[in-house]
Each structure stands twice: as structure tokens, then as C-alpha cells.
Amino acid sequence: MSRRKFCAAMAAFCLTQVLPLPAMAQPGNRAPIRIGLTPVFLDDQTAFVNAWRTYLESRLKRPVVFVQRASYREIVDLMRNGKLDFAWLCGYPYVRNKQTMNLLAVPVYQGKPVYHSYLIVPASDRQTRSIADLRDKVFAFSDPDSNSGYLVPVYDLYRMQEKPSAFFSKTFFTWAHRKVVVAVADGLAQGGAVDGYVWDMLALQHPELTSQARIVEKSAEFGFPPFVAGKTVAPEDVSAMRKALLAMPQDEEGAKLLRQLQLDGFVTGDEHLFDSIARMMRAIMDK
Amino acid sequence: MFRDLSFRYKIPLRGSVLVVFTALVVTASLMFRAYDDLKRDVLLNSESMGRVLAHTLTPAILHDEVWSAYEIINSPFQASPKANVNQAEEILVLDARQQVYVSTHPKQYPMLSDPARASPVQARLQQAIADYRGSEPKAVELPGSGKFYMVTPIISDGVAVGTLVMGYSRSMFMPRFYDIARRAVVMTLLALAVLLPMNWYWAWRMAQPLIQLAECMGKVGPALPDAQECKMYESRDEIGQVGVAFKRMLNELKDKENLEKQMFFSERLAAVGRLAAGIAHEINNPLGGMLNTISTYKKHANADPQTAKTISLLERGLLQIKDTIAALLVEAKFQSHPLTVQDIEDTRTLVLPDFHKKPAELSWENDILEILPLPSTLVRQILINLLFNAVQAVEPQGHVRCHIYRDSRNLTLAVENDGKHIEAEQLGYLFEPFATGREGGHGLGLWVTYQIVQQLKGEIVAQSQPGETRFTVTLPLEEHAA
């Protein structure tokens, strides 16, 4: 190799390393957006999560990373520490941690941004009419930070001047709404509290599972588990993300994903949607 | 029934029973072993499964993670129900107070319930668990329950925080056992398919000599079978020995039969001899009187020629009768000198003219060298009779052989000729008086010879077959030496 050729090669090498290439300017190489998910909703739906990630990447022009953790608490901790930009949380942890996160968007389910908590018992149990009938029974909660799977039944007991530890013979957490249904259907627990939206999804996809349990009570309406944004996240990222979510029903791909989630779409939402949850939380905490 | 069955069937039947019995025993023991192995497999498997589950369950129980414990005990079921045939049927986790902490069948064993109330089997099991103090997995079998249990204490820092109970159904590994059993049965049938025909063939080979022997023995009746008629198995084993013994017995029976025939023959001849002697005596007395009278008459009376001629005719006739009677009455009582070589040689000289006349050849072998204690006159008469008979029997240019020899006991005179042989049925009557088979001769020669031999306590044997007729006279020497 001649000296001239060598220098040319060196120069070319330096140029490619120093100068940004056109590809580098694309959003794909910017810092990824990190979104926290909990097993409360999207447990073991890896294929769906991948499709959604691809969809969001194409809309945001940025890489998207979904971070799945086993409980709300882990996601909330990551949010507080700024390790996550956004998260799909429950209303209860949202109102508890309002000082560290803002409301981003609320899913619309069956036309409204609300859902219910269901009290369920095994299908073989024909007597139970309310949670009051479950004294000294084994009860399954989903997550201690879940509104529908914990706060709602605990608040019901609170109104009866009861505490779960004394009222039930035993309680346990399954860390997922779906598993509450399994625990009740298998007869491991004689009662359980479950997210109404998750139950409805299961009733569609796994009727053989929900047929082994029975809904005893549907609670009042609560704000649907919202998408939240960290307070430190850049406003343009927040608005881009909100825009992407709100626009989902408008294109075919987004609509298809929403159909899979049985959701109608997203709305900006009002934090007052979650006032009833905050009231219950305060009542429990004051006690 | 079976006792009367032929060995042809008895031996193979017994062999078959043995083969089938052995096959059954071997198969049964193998199957028993397989069942044992399977069970041990299940036990070992469940033991290790118990250790793993107990280890995994420890933190869940310590942190009171009911759902996690439930998922742990259900995990073996979720993998694949068919992948592991050694699958537990039910799993229970008991807390330190022996209440149900969690179970794979929550409806049957609700949380916090006393499992002993679920069923009598469980009550017995719980008693066994309460009595168990070890820290290792332990198999508990409850007779009559059709189940066995693997009990594994869940230990944290040396303290039992609970107990893992895995219940197995015995019927669980039955399909696998049936599979093994089916293969064992097929192998057994294959082995039987080979062994049974082999057994029948060998048994048949073993029975065959016995059957031959039995058939031969069956032929032994009034008549004895010939050696040719009896095909015998030849070997040195026991059956071969029996065959040899049987043949020997057959020969001895034949000898005995011959002896009996001979005795019968001798007795008949003796009876005939007594009769002849009696008649001869009765005739001799009046005959002697008649001859005396004729003699006296001839001496004292001058008879006319006609009368003299008649008397002479009478006398000749009576003399002929006397000769005949004398011949019948063989008297050996008169004394004669011991037999010398010369006596024997004289006999030869005496008969030689007859040989020249025929003409016939005489081979003469005289091995006697010394004087023998036998009456010479009688021996010579025997020899002359036999030689005369022989020379008459041969065709012209025929050949007669005479061999005289002795051993320590006997003198033997053997005369043989190559003339026309004597028929078998004729041989039986050969030594009776007037039993001549040819023209000429009064038919008393052999009778006389026989009588003399009898008197000398000897033996005469006639053998005849085409081309050779032999008379052998054996005379004991001691009798006379004594």
C-alpha cells in the first residue's frame, strides 16, 4: 500500500468517525423513552407489547423501551428515581405519588374513562351476597398498591369497622388481577377483588377460567388506571407521548392495538377522576 | 391315566410342564423386579422432587407468600402432564401446626384446614407425619389406600417451618408396568416357541430307545424273538446297558430253551432205550430157549432132510433176531483194555477198504499220543460207526475228515463229511432205532453209538447244513480215570 493511499484511507476513517452521518440524525438513535408496565394488565402478552412498542417507536420517531416489573411498587420506585419516563399505573399509586408524577392520559373503556372493581367468589359458592359474607374466609388481593384489587375491598371493610387481617382467616397477594381470578376459580381463595376491566378481558379470552368464578358485587366507578409521566420529563416529550396515545384510534394500526386491549382510546383526563380513590386512601390512612 | 401313558408322551409332557413352569417363574420374577424398579424410580424421583420443592418453598413460607407457594407446587403440573409419568397426584404444603398452608387441590384441602379431616387415609397420613421427626424426605405407604406419599420437611435454619406432602397413586405407573409386562410376555412366548419343540424333540429321542426296548420285550412270549427282529439303541448309557443286558438275557433264554429241547430229546431216547431193552430181554429168554432146543435137536435127532432144512431155516431166522436184539441191547459191561494210539489207528485200517471202494478221501488227524483211560472196544465201535456212516453219506470222490483230539477233560472224536445234509426235522430223530434215512443198514448204528456214548457219560452232537455234516462225540476222561 502506498503512502498516499494509506493517508486517504486514514482520512476517510476519521471523517466517518467524527462527522455525524445522516442516519444519526434520525430519532432512532436518541435516548429511548422508557415506559413502565405492570403485570396487573399486560402480563405474559409479550407479542402484543412488542407490537405496541414498534407502533410507538414509529409515531414518536424514538426508541421505546417497555419496562415490566412484578408489582406497582417497583414501577413507582423507578418512576420516583427518574428511571422511567412514563408508566401505566393504577389510580391508587397515582394519587399516592401525585407529587412525583403527572397525569398523561386515561384509557377509555366502553365509552368512559372509568372502570369497576369486582368482588368474586368461586362459582360453587351460591350464598355470598356481599363482602360481609366472607368473614373468616381466605381472600385474595391482587397488589397492595392496586385500587380495584386492594383499596376497594379494604375500604368496604373499613366502612364495616373491620380490618382485613381480623375479618378474613387469611389473605394473600397474587400480584396480578388475572391470578386473583385463577386463585378464586381454583378454590385457593374463597373470595377475591379484581379489576373489572381485566375480568371482562378474561371473560372474552378465557371464558373457561371466568366460568369457574362468580361476580358478587361490582363497585362504584373509579378513574381508569391512567398513564402517568414523571415530573422531570421534558414537556415536549410529554406532549409527544400524549399526542401519540390520543391519536391511536385514528390510524389502522393503533385501532387494531386498541381493539386487542378492548379499549376505545385515550383521553387527556382530569385528575378529579381519581378523587374518589384519594378519599378512600385518606380514610384508610387516617385510620 | 398319566401313569399308563407312553414315555413317548410322558417325557415331553413333563419337560413341557417344566419349561412352562420355568418360563412363568422367570417372567414373574422379572416382572416383580420391574415393578420394584419402577416403584424405586418413582420414589427416588419424588424424593429429589421433594427436596427441590421444599427448598424452593422455604422463602415463600417464611414470607407468607401464599400465591408464590401455590405457583411453586403447581409448576410440576404445568410443565406437561404426560412428560413425567412419575407425576405426583396431589401436593400439600402443611404449616408448622400441620394445617394446610396451600395445596394443589384447594377445594379438597382448603387453606388452614386440618387435612386429617379430608379422608381416613389422610388421617392416617397425618398421624405418620406427626410421628416423623427426621429432616430427610420419607416415603409413607398406607396399605389399602392405593397411594403412597413422599413427606418432606421444609426446614429453615434447622427449624421445621412446614411439611411438603406429595401423594402418588400406585396406578400411576401401571401403564408403564403393563408395557413392560406385555413385552415380557411376548419374550416368554417366543422362548416357549423355541423351547417347547426342542423339548419335544429331545424327549422323543430319549423315549425312543425305551420304546424299542419295550417293543422287543413285548415280543418275548412262547417264541423268542431273533436278535435281528429287535432293533436296539446302542450306547453305554443306562438304556444302552439295559439293552445289552436284555440281549444277554434273550441269549440265555435261548440257551435254556435249547437245553430243554435236548433234555426232552435225551429223555425220549432213554425211554425208547428202556423199552427196547425190556422187549429185548423178553425176547432174549424165549429166543435162547428156542435156539437151545434147535441145537439139542440137531445134536440128537437125525432129521429127514426136509425137516433139517426147515430147522436150519428156523435157526437162521432166530439167529438174525438174536443179532438184532443184541444190537439193541448195547452192553458195555464187559471189560476191555484202555484206549491206545494203536487202537485208533487200527480203526482207520479197518475202514480204509470201504473208502477205497467208494472211492472217497479220508483226512485223518489223530492227535492222541498216549494211552487214555477209556474202554478201547467201545471207542473203536463209536469211531467205526461214525466213519461207516460218513463214507456211506458222501458222494463218490467225496471227502471225510476225522479228527481225534483231547483236552484236559475230554476226548473228542469229530467226523465230518461233505455229503447230502440231514434235514432239520430229521435231526431230532436221528438217534432213535430204525430211523435210517437211506437204503441198506438196519438203522441201529447211530442208536448203538448213542447208547455207548450215554454209557460212557459222554455227549454226541449232530450238526448238519448243506455241504457239511458233522458228528462230534465228547467223552469225559476223569470218569474212567477215577
Side-chain angles (χ1 to χ4, degrees), chain A residues 38-40 43-44 70-74 120-126 128 134-144 146 149-150 164-194 206 208-209 211-214, chain B residues 53 56-81 87-119 122 154 156 161-167:
Chain A
T38 63
V40 180
D43 200 28
D44 58 33
S71 66
Y72 285 123
R73 184 156 300 158
E74 288 169 79
I120 57 168
V121 293
S124 56
D125 176 356
R126 298 249 146 254
T128 306
L134 290 173
R135 186 183 289 278
D136 289 333
K137 297 284 173 67
V138 177
F139 198 84
F141 296 118
S142 61
D143 187 306
S146 162
Y150 182 72
S165 53
F167 184 75
F168 298 119
S169 67
K170 180 140 191 117
T171 60
F172 62 89
F173 296 101
T174 65
W175 307 100
H177 286 291
R178 178 202 170 101
K179 289 178 180 175
V180 170
V181 180
V182 174
V184 173
D186 283 2
L188 185 66
Q190 280 108 45
V194 65
H206 299 284
E208 77 286 348
L209 181 63
S211 69
Q212 293 180 64
R214 177 172 71 88
Chain B
L53 281 185
T56 321
L57 279 167
T58 310
I61 290 180
L62 283 178
H63 304 151
D64 197 16
E65 295 270 8
V66 174
W67 180 256
S68 160
Y70 184 65
E71 287 194 320
I72 289 168
I73 59 172
N74 269 302
S75 57
F77 291 87
Q78 272 153 8
S80 165
Q87 178 85 58
E89 246 186 7
E90 55 183 25
I91 300 180
L92 272 84
V93 179
L94 307 177
D95 60 20
R97 286 173 300 158
Q98 234 178 303
Q99 287 180 331
V100 176
Y101 182 72
V102 74
S103 79
T104 53
H105 295 70
K107 284 172 187 157
Q108 200 179 346
Y109 305 107
M111 236 192 255
L112 303 176
S113 68
D114 181 2
R117 295 218 187 113
S119 67
Q122 275 293 336
I154 301 170
S156 169
V161 295
T163 311
L164 172 71
V165 181
M166 293 185 288

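Throughout, a chain's letter reflects where its sequence line sits, starting with A, and its residues are numbered from 1.
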(request) Considering non-hydrogen atoms only, spot the tightest contact between B/P110 and A/Q190 and give its length. (result) CB-NE2, 4.5 Å

(request) Could you pull out the closest heavy-atom pair between A/L188 and B/M111, with the gap in Å? (result) O-CE, 3.6 Å

(request) Count the heavy atoms belonging to other residues, nucleotides or ligands that lie under 6.0 Å from CZ of A/R73, then report whether that count exceeds 12. (result) no

(message) Please rank A/V182, A/D186, A/T171 by heavy-atom pairs under 4.5 Å with chain B and give me the top one.
(response) A/D186

(message) Run the ring-ring contact (aromatic ring centres under 6.0 Å, His included) test against A/F168 and tell me which residues pass, sequence neighbours left out.
(response) A/F139

(request) Applying ring-ring contact (aromatic ring centres under 6.0 Å, His included), name anything that partners A/F173, two or more places apart in sequence or on another chain. (result) A/F141, A/Y150, A/W175

(message) Using a 4.5 Å heavy-atom cutoff, which residues in residues 56-65 of chain B come close to chain A?
(response) B/D64, B/E65

(message) Sort by residue number and list every residue of residues 90-101 of chain B having at least one heavy atom under 4.5 Å from chain A.
(response) B/Y101

(message) Measuring from atom OH of B/Y70 to atom OG1 of A/T174, what distance do you get when rounded to the nearest 0.5 angstrom?
(response) 12.0 Å

